[in-house]
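My questions will all concern the structure given below.
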Amino acid sequence: MKSAGGYAPARIRGHERNHGKTVASVLFLGGLGLMLFELISAVPFGSAPMQVGQAIAGEAFARTGADNIVTAILLGYRGLDTLGEVTILFTAAAAAGMVLAGAGRGEAQGQEAGFIFRTAAWMLFPFLLVLGAYIIIHGHLTPGGGFQGGAILAAAFFTPLLASPASPFNHRVAILVEGFAGLVFVVIGLAGLAKGAFLTQLLGTGTPGALLSAGSLPVLYVAIGLKVGSELAGLMARVFGEGSARS
Amino acid sequence: MTGTLLYGGAIGLVIIGLYAIVARRHLMRNIFGLAVMESGVNLLLASVGYRPGGHAPILVAGAAPGPLVDPIPQALVLTAIVIGFGVLALALALVVRVRQAYGTLDNRAVARRLRAENGEARS
Amino acid sequence: MSQSLPAIIYPVAIPLMGAFLLPIGARRMAELAGLFGRIVVLLSFSTSLALAVSIWTAGPAVSAMGGFAAPLGIVFYADRLAMLFLLALNVAVFLFWPRGQGAKGGPCTLMLALLAGGSGLILSGDLFNIFVFYEITAVASYGLAASGRTHAGFAAALRFLILGSVGSSLMLIGIALIYARTGTLNLADLSRIAPHALTGPVGLAAFILLLAGLGVKAELVPLNTWVPEVYGAAPARVSALLAGVVSKLAMVVALRFVVQVFPGDGAHTVLLVAGILGVLAGELAAWRAGSLMETFSYSSIAQLGMVALAFSISGAAGIAAGIALALHHAVVKPAFFMLAARWRGPVGGLAGAVKDSPLAVWLFVILSLSIIGIPPFPGFWAKFLFLKAAFAAPSAGVWIAVFVMLAGTVVEAAYLFRAVLVFFADGERGGSTPRFAFAQLAPALGLGAVLLAAMVFIAPLGASISGMADEASNAAAMAARVLDRGE
Amino acid sequence: MSELDFLFAFAAVLIAGVMCCGRDGRAGWAAMAVYGAMLVAVMAAAGKVAGGSIPSALGFSVLGHKIGWRMDGLGWFFSMLTAGAAFFASWYAAGEWGRAQPGMKTQHLLLALNVAAMLLLVNAGDLLSLFIGWELVSWAAFAMMAQKGGPAQPAAMRYMIYALAGAMAVLAGIMIVHAVTGSFAYKDFAAAFGAMSSGMKWLLAGLFAAGFGVKMALMPFHLWQAAAYSETPGASSAFLNAVSARMGLFALILVLVKVMGLSALAGLHVPLIGLSAKGLLMWIAAFTMVIPTFIALMQTDARMLLTWHGIGQGGYMLLGVLVGTGLGTAGGLLHVFNYATYQMALFLAVTAVIHRTGTSDLDRLGGLITRMPWTYVTLLMGIIGLAGLPPMNGFVSKWMIYRSLLDSGSAFLLIFAFVGTLGTILSVYKLIHNIFLGRLRPQHEGVREAPWSMVAPMLALGGIGFVTGWFPGLALNLTDIAQAAMGAPELPHGLGGVATARGSLNMIWVVSILLVAIGFGAIVFYFLGNRRYEVNQLNNYAGGHFLSPQVPYQFSHEFYPGLARVIGPWYRGSIVRAEQGIGTLLDVSGDLWRGIYHLAWTPLYLLAATVIALGWAIMGGM
């Protein structure tokens with residue numbers, strides 16, 4: 001009926017509605033909403049006990065040397081969570097790559113964008129790159145960090161792809177970067193074993209507020225930034241059209 | 001008041017997202033619902049960390065400017081957002097494939113075709 | 001009191017590094033990727049084994065990540081129970097390592113990610129960290145479910161993903177609730193705070209929300225609608241792995257929650273009801289299933305229902321029974337899946353299979369006898385432990401559970417031996433059923449050998465399981481090990 | 001090594017031997033020799049078990065429980081029956097019959113496995129080893145039944161479902177006992193039983209009676225047995241008929257009579273009816289005697305007819321044991337022994353007929369008396385025993401059971417027993433008439449007598465039945481040992497029978513007088529008034545009409561049409577419908593659950609379950 005890559009407008013066959021299901025859903029959802037609200041209201045807004053949070057806020061700077069306590073938590077206290085989320089992103093990218101391999105290219109993506117977009121995309125590229133790098137490097141000092149910066153890096157690479165889908169996206173480089181960045185994270189963590197435990201701070205805390213402070217946290221953030229950037233870019237390039245990698 | 005609004009909004013987002021997942025048959029809408037629901041959950045998580053009069057948990061020159069909000073939920077939310085993004089990307093990749101395979105994204109039709117292919121015909 | 005063992009991170013770190021490295025080489029040398037992955041798994045297994053030996057001799061180990069002590073940072077807590085399932089996961093990943101298909105090492109990468117995620121899940125002692133590792137495991141499972149790259153595989157994986165993500169979101173709401181009430185995420189810390197902070201409906205509701213997430217993986221009714229779809233569509237090795245071990249990991253995490261954070265009756269009742277429904281639903285649906293694959297999908301729902309029933313009995317006896325049931329199922333069900341993968345299609349078409357593949361049929365018989373629970377086989381002793389624990393703490397719910405389980409056993413025997421009799425029926429068309437290549441049968445035979453070995457060594461096995469359960473049921477001691485370390 | 005260890009060792013050696021060289025033509029003789037050796041070993045142990053019990057070295061400790069085996073008088077009695085039945089079955093199968101069978105190695109192996117399992121069961125030293133033996137016996141029998149394939153499979157399947165349901169009841173009972181007493185030992189159970197609440201007593205008695213009753217096909221659970229046993233190949237079927245169903249009786253005796261005690265059961269009252277648990281069980285036994293016997297009457301297949309009788313005879317045994325007096329217990333146990341001899345003889349005879357004619361359909365046989373005389377003699381001896389008439393041993397045991405019922409004042413039960421015997425006599429006449437009497441079928445004209453390898457064990461069994469009918473004391477010596485182990489009152493007896501204060505039976509006189517009378521009759525018939533002349537069985541004519549071979553002049557089908565109309569409604573009884581109902585319920589609920597998994601709205605279930613659970617948590621917690 002349709003070719004393998006056919007993207008005819010998606011329509012649900014048969015417009016009959018299952019009213020019973022809708023009614024049941026609405027009733028259950030209403031119930032769930034009320035109950036969740038009831039449950040969460042048991043802790044009045046702003047009055048949650050802040051035991052661990054308070055303790056961390058008190059000692060985080062002294063222990064890690066990071067001005068941004070959220071960063072201290074993300075890379076220090078809960079560094080393993082961060083490694084985990086990077087892994088999830090990596091796993092999702094690997095899975096999406098596997099799923100989409102050989103999917104062929106949709107005709108919808110084949111069209112070039114307008115001149116303005118194409119030009120702007122290439123002009124934006126260096127600025128986005130620099131911005132991303134800045135945000136990553138200052139993650140331990142200011143709001144921001146590896147994820148935010150990585151997303152901007154990815155945008156830098158992805159915007160040109162949106163503008164002209166025919167332009168090549170080098171998945172090999174992306175994979176290389178994400179692989180080694182992940183490796184660096186784990187290796188830094190394992191190096192921490194020498195000083196006691198996984199992900200123990202390696203370098204000294206340094207001068208407060210200086211760019212080169214907070215021990216190994218900035219290094220981790222650079223790894224995360226590179227990894228997230230390459231993963232996001234690779235993922236989006238894949239979802240957008242696997243075909244471009246082969247052409 | 002702010003609290004009620006925030007909590008109510010967060011839960012409202014969860015409910016809206018769930019509605020799109022539960023009551024709608026279009027798989028793409030289900031995935032949008034997932035995204036909405038996740039934002040709701042993240043909002044809820046972030047609001048839990050609020051402290052009256054608290055500042056952002058960033059020290060200026062190594063000292064706190066006053067009471068801070070709980071930094072942990074913020075870190076958690078950051079993690080949860082990225083996790084949600086990864087899952088969403090995988091879902092979209094699968095949607096592309098399902099659409100190619102079956103020519104439809106009607107959940108019911110997909111489920112029917114799926115069972116037929118699994119050989120789960122009524123014995 | 002407890003040893004500090006920073007090396008406990010290796011079972012997570014090694015497969016993780018492998019996963020990161022594998023795609024780099026896989027593009028060029030697709031054949032080597034599989035070999036590399038296996039080496040990584042072996043490495044991870046041997047490290048886990050060494051760690052397990054140390055934990056067996058020196059007692060549970062604790063490691064605070066980054067040197068941030070317990071309530072503040074993330075803690076890994078490894079006792080014998082955790083090491084047991086860690087080893088099981090490693091062995092299962094090695095046994096069911098993907099073969100043949102896969103785009104450029106994709107399934108291999110996902111397998112390593114699953115191993116890393118599952119190991120973290122079982123070792124972690126922090127609520128949110130458990131969520132993160134749970135999600136790694138989940139995303140890897142979604143990907144693996146689609147790794148057959150069939151139409152049905154994609155569709156099943158997508159439906160699985162939607163269901164699983166809804167569950168995960170609810171779980172996250174549960175975590176938010178707990179954090180809002182207690183201000184901590186550490187399980188050991190929670191076990192001290194929970195008795196006064198997580199009382200009443202909020203505590204129970206939080207547990208229900210957590211279970212709504214975990215239950216998707218743990219195949220609890222009614223969160224398990226993905227089971228027949230995914231197991232039918234995914235490669236058999238993936239089904240074997242998911243049903244055999246990954247579902248148990250979620251169950252063990254649920255057990256940790258019950259023991260450490262929600263020791264009240266409410267949580268036990270929730271598990272009990274879920275277990276009763278699981279056994280009912282699984283056995284009855286399997287009775288009417290059309291193919292072996294479908295039968296075993298439903299049967300695994302029933303088996304996990306039994307594990308939930310066992311865990312719903314408070315105290316060490318119930319936990320011991322649950323561990324035994326879970327372990328037994330982890331050996332038997334993957335072997336069943338490997339057999340069913342070759343014997344696809346309606347059962348009636350397998351008449352005379354005993355002539356074509358006698359070894360497989362006899363293995364099927366032995367596995368069936370064990371899973372039904374016929375005395376000399378280990379399955380009997382697992383059910384025996386369950387009944388012993390159940391009758392030691394009788395209540396109306398437990399009586400119902402026992403009745404449902406015993407009746408379910410009869411139904412289970414009926415549908416399994418319905419198939420066995422078909423195998424032994426004289427098919428008028430001899431040689432019409434699929435034969436097994438040795439490589440296809442090898443993992444199943446290996447598991448069969450493990451089962452028979454367990455039968456021989458049932459006494460020491462039972463003793464060590466009960467020791468494990470004693471250790472895992474004592475929340476106060478666990479909390480003390482994690483928190484009062486005098487560092 | 002004790003005698004019991006020798007028995008286990010023999011069984012193990014046999015299994016190994018059959019596995020490695022069971023295909024050999026001489027395997028049957030070798031197996032027979034081993035069973036014979038087992039029988040000798042059992043007999044040699046008689047003196048030891050009479051006063052105590054024999055321990056076994058076999059045993060292990062698992063999950064904190066010690067499991068062991070030990071032979072007491074009761075186990076000894078049933079071990080002897082098992083070894084004996086296996087001896088005759090393998091003797092029968094060793095010769096021509098076995099060579100004609102496909103897959104004889106499997107049959108040898110399954111027989112050996114069954115014997116081993118039964119030995120493990122009847123010599124179990126505690127409740128846990130009892131259950132292990134119980135399951136082994138069930139599954140070994142299942143394999144034996146299913147082995148033939150074809151129509152045997154659904155029958156075996158049905159048996160398996162019943163047996164496993166029963167086993168689960170037993171398991172539940174055992175685990176409850178363990179929860180109460182903290183051990184699996186019989187003596188702890190016996191000690192604790194008296195102090196239990198009456199609800200608990202009822203529960204345990206019900207679970208054990210139902211679970212063990214399944215195996216001996218007690219009344220509501222009787223549907224499986226006939227079809228399953230009669231589809232099993234001949235020699236194995238004879239073995240199953242003779243001893244396998246008796247394992248249920250053994251376990252009932254062990255747990256209900258020996259451990260719980262009849263007096264405790266008699267003290268359990270059913271509200272409103274005024275019946276005790278013991279009385280209830282006796283009435284179940286009574287109905288098991290009568291209804292299956294009349295169902296047997298309706299059968300048109302010789303094997304089905306005999307197996308339905310087997311169910312009915314089980315009722316007599318249980319009834320006798322439940323009376324509880326020395327006479328009743330001895331009668332019940334003696335009936336177990338006697339039944340094993342004549343039922344096996346009957347089954348082997350029918351198998352011989354099948355071997356020669358290819359059928360056991362009573363509507364397709366007839367007139368074989370001239371072709372297979374020795375088989376006829378065996379069958380005649382067998383049915384006399386089954387009907388409970390002198391001079392065969394079945395008379396002795398039934399007399400003792402009647403007598404004990406009379407002594408204990410159970411008049412209604414006695415009437416039931418008589419009615420059952422009446423049905424037996426009617427149906428065994430049908431059996432012998434439709435096979436051996438009447439007109440020979442043309443297609444059976446060339447039929448020869450079965451070979452001696454088959455006839456000899458048949459006649460030997462018939463001979464044992466005759467000898468123990470003439471000198472019942474021989475068999476009563478055996479039941480004495482079991483009776484002592486049960487703790488039942490002793491029964492004084494001599495070689496010729498029993499002598500109690502309220503009446504005695506001396507079979508030596510009875511049989512001798514009967515033989516003399518028969519001798520006189522023979523003299524009169526053959527020498528004084530012999531007016532008979534011989535005609536060819538096919539050369540008949542009646543009422544002036546010459547009949548073609550295609551139209552039989554003598555009809556053997558619809559043998560008891562009038563009775564059949566009366567019995568019909570029982571045959572299609574409510575129990576069959578109940579069984580179908582459960583099956584349908586299972587199917588429907590299975591489809592329902594499967595249907596739930598087949599709907600597309602999967603997340604809605606998650607939502608609904610979460611909302612319901614949360615609602616419960618909030619409502620319950622407030």
Side-chain angles (χ1 to χ4, degrees), chain A residues 35-36 38-40 42-43 47-56 59 63-64 75-85 87-88 90-92 94-102 171-172 175-176 178-183 185-187 189-190 192-193 195-201 227, chain C residues 4 6-7 9 13 16-17 19-24 27 63-68 71-74 102-104 106-107 109-110 113 116-117 120 124 126 128-129 132-133 135-136 139-140 142-144 146-147 149 154 157 173 176-177 179-186 189 197 201-202 205-206:
Chain A
M35 283 190 281
L36 285 182
E38 171 73 30
L39 289 169
I40 200 75
V43 187
S47 70
M50 207 176 123
Q51 294 201 23
V52 175
Q54 202 73 58
I56 288 181
E59 65 155 51
R63 291 282 298 266
T64 64
L75 295 180
Y77 292 91
R78 309 194 67 86
L80 200 60
D81 278 353
T82 305
L83 179 58
E85 68 179 284
T87 310
I88 290 175
F90 167 80
T91 312
M98 183 198 69
V99 166
L100 288 172
H171 280 281
R172 249 161 61 75
I175 286 173
L176 214 63
E178 71 179 334
F180 279 115
L183 214 58
F185 196 126
V186 182
V187 167
L190 290 179
L193 282 178
K195 293 184 76 176
F198 189 68
L199 282 174
T200 304
Q201 292 274 66
K227 190 163 169 61
Chain C
S4 175
I9 191 66
L16 212 50
M17 285 201 288
F20 290 150
L21 271 176
L22 198 137
I24 298 173
R27 286 225 146 208
S63 170
M65 295 300 140
F68 300 100
L72 304 190
I74 291 172
K104 295 160 186 164
T109 312
L110 293 179
S124 184
D126 182 280
F128 190 79
N129 195 234
V132 171
F133 278 114
E135 281 291 296
I136 299 178
V139 170
Y142 306 146
L144 283 171
S147 69
R149 297 169 55 73
F154 294 134
I173 296 178
L177 264 183
Y179 187 77
R181 280 305 276 261
T182 61
T184 183
L185 291 166
N186 188 286
D189 205 18
V202 177

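Chain letters run A, B, ... following the sequence lines, proteins first, then strands; residues in each count from 1. On a predicted model such as this, the values are computed, not experimentally measured, just so you know.
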**OP:** For residues Leu190(A) and Ala13(C), report the shortest heavy-atom separation together with the two atoms involved.
**Re:** CD2-CB, 3.9 Å
Subject >> Toward chain A, the part of Thr182(C) with a non-hydrogen atom under 4.5 Å >> reply: backbone
**OP:** Under 4.5 Å heavy-atom distance to chain A, tell me which part of Leu16(C) shows up: side chain, backbone, both or neither.
**Re:** side chain
Subject >> Over all atoms of both residues, closest heavy-atom pair of Ala95(A) and Gly143(C) >> reply: CB-CA, 3.8 Å
**OP:** Check each atom of Asn186(C) against the heavy atoms of chain A and say whether the ones under 4.5 Å are side chain, backbone, both or neither.
**Re:** neither
**OP:** Examine whether an atom of Ala157(C) lies under 4.5 Å from a heavy atom of chain A, and if so say whether it belongs to the side chain, the backbone or both; otherwise answer neither.
**Re:** neither
Original post:
Between Tyr77(A) and Phe68(C), how do the two ring planes meet: parallel, tilted or perpendicular, split at 30° and 60°?
Top reply: tilted
Subject >> Heavy-atom pair count under 4.5 Å with chain A, highest-scoring of Ala180(C), Ala113(C), Gly73(C) >> reply: Ala180(C)
Original post:
Between atom CZ of Arg78(A) and atom CG of Leu72(C), what is the distance when rounded to the nearest 0.5 Å?
Top reply: 10.5 Å
Subject >> Euclidean distance, Glu135(C) CD relative to Thr87(A) OG1, rounded to 0.5 Å >> reply: 12.5 Å
Original post:
Is chain A contacted by the side chain of Phe154(C), its backbone, both, or neither, given a heavy-atom distance below 4.5 Å?
Top reply: side chain
Original post:
How far does CD1 of Ile136(C) sit from CD1 of Ile88(A), to the nearest 0.5 angstrom?
Top reply: 5.0 Å
**OP:** Report the option among Glu178(A), Lys227(A), Met35(A) that has the most heavy-atom pairs separated by less than 4.5 Å from atoms of chain C.
**Re:** Lys227(A)
Subject >> Pairwise distance OG1(Thr91(A)) to CG(Leu144(C)) - rounded to 0.5 angstrom >> reply: 10.0 Å
**OP:** Below 4.5 Å from any heavy atom of chain C, which atoms of Phe185(A) appear? Answer side chain, backbone, both or neither.
**Re:** neither
Original post:
Quick one: does Arg149(C)'s side chain have a donor or acceptor within less than 3.5 Å of a partner on Leu100(A)'s backbone?
Top reply: no
Subject >> Atom of Ala94(A), atom of Thr109(C) and distance for their closest heavy-atom approach >> reply: CB-CG2, 4.1 Å
Original post:
Would a 4.5 Å heavy-atom cut-off, applied to side chains only, mark Val132(C) and Leu83(A) as touching?
Top reply: no
Subject >> Spacing of CG belonging to Leu185(C) relative to CG belonging to Asp81(A), to within rounding of 0.5 Å >> reply: 8.5 Å
Original post:
Where is the tightest heavy-atom contact between Phe90(A) and Ala19(C), given as atom of each residue plus distance?
Top reply: CZ-O, 3.0 Å
Original post:
CG of Leu177(C) to CG of Leu39(A): how many Å apart, nearest 0.5 Å?
Top reply: 5.5 Å
